[in-house]
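These numbers were taken from a predicted model, which means no experiment stands behind them.
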Amino acid sequence: FPVQLRPEPGTGRDLQKIKAYLDKFFPIFTKTQNLSIEERIKEMQRFFHLTITGKLDTETEKIMTLPRCGLPDVAE
Amino acid sequence: YQTFPGTPRWKKTHLTYRIVSYTSDLPRKKVDDAIKRALMVWSDVTPLRFQRVYTGQADIVIGFARREHGDGYPFDGRGNTLAHAFAPGEGIGGDAHFDDDEKWSDINQDVNLFLVAAHEFGHSLGLAHSNVRGALMYPLYSYQNPQTFRLPADDRRGIQKLYGKKTS
């Protein structure tokens, strides 16, 4: 049987989940209004020293599940 | 390390703190002790001094709460967000809130109150998140033995940039 493909970020629940995380911890400021979701994921991956893919890969998804402080990781 | 925009910091070295609510996970004495030791992490390397007050206003107000708790930043139940604190300033500035839906502990590997409080008080004093893995101000929680805790160099540099080194 063909392997079930994982949906790309940009669709459905995955997108909502990553957007909620990014909005909370890597919020958009006036200067960065036009950043795509891919650029925002890259910013998060840079902060956590992950492989920069711009995609919601396993490594990135794992970070999102870890217990953490509620303050944003970037400040205006 | 990073500081907050505008580098807010306390303009005095004698700061007061008040614990206004407790978790039922730990005896009050253990909470008091964890908070005191967490503040000492920072006062050991700077000229800052902390005095506990029991009534009236305090620079750093500390409490446990669940979900929406009056500051517009609701907690999210067990896991994920453990706590948050506000940068130095009047009113809510400096205050530290802990999510009471977590299972707090003083010694074992549930969420260790001392470690989280030490991180949050870094915010109360003006440090933002560090992207240095292993730094106290790294945003993700990881357990280490509180008995052998030493403030990492990145955090020490950050706090001493704001307040200077401890004078003998």
*N-O pairing of B:R78 and B:D101 below 4.0 Å*: no
Under 4.5 Å from a heavy atom of chain A, the part of [X] involved:
X: B:F75; result: neither
X: B:H97; result: neither
X: B:E102; result: neither
X: B:T3; result: neither
X: B:A83; result: backbone

*asked:* Whether B:R37 engages the ring of B:F114 as a cation-pi pair (distance to the six-membered ring centre under 6.0 angstrom, angle to the ring normal within 45°) should be assessed.
replied: yes
*Within 45° of the six-membered ring axis of B:Y141 and under 6.0 Å from that ring's centre, is NZ or CZ of A:R68 located there?*
no
_Interchain contact, A:F48 with chain B, by part (heavy-atom threshold 4.5 Å)_ = both
*Intermediate values then yes/no, salt bridge (Lys or Arg N to Asp or Glu O under 4.0 Å), B:R67 and B:D99*: CA-CA 8 Å; B:R67 302 288 175 176; B:D99 186 350; over 6 Å; no
*So, B:N131 and B:H129: side-chain donor and acceptor under 3.5 Å apart, yes or no?*
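Note: B:N131 and B:H129 side chains miss the donor-acceptor criterion.
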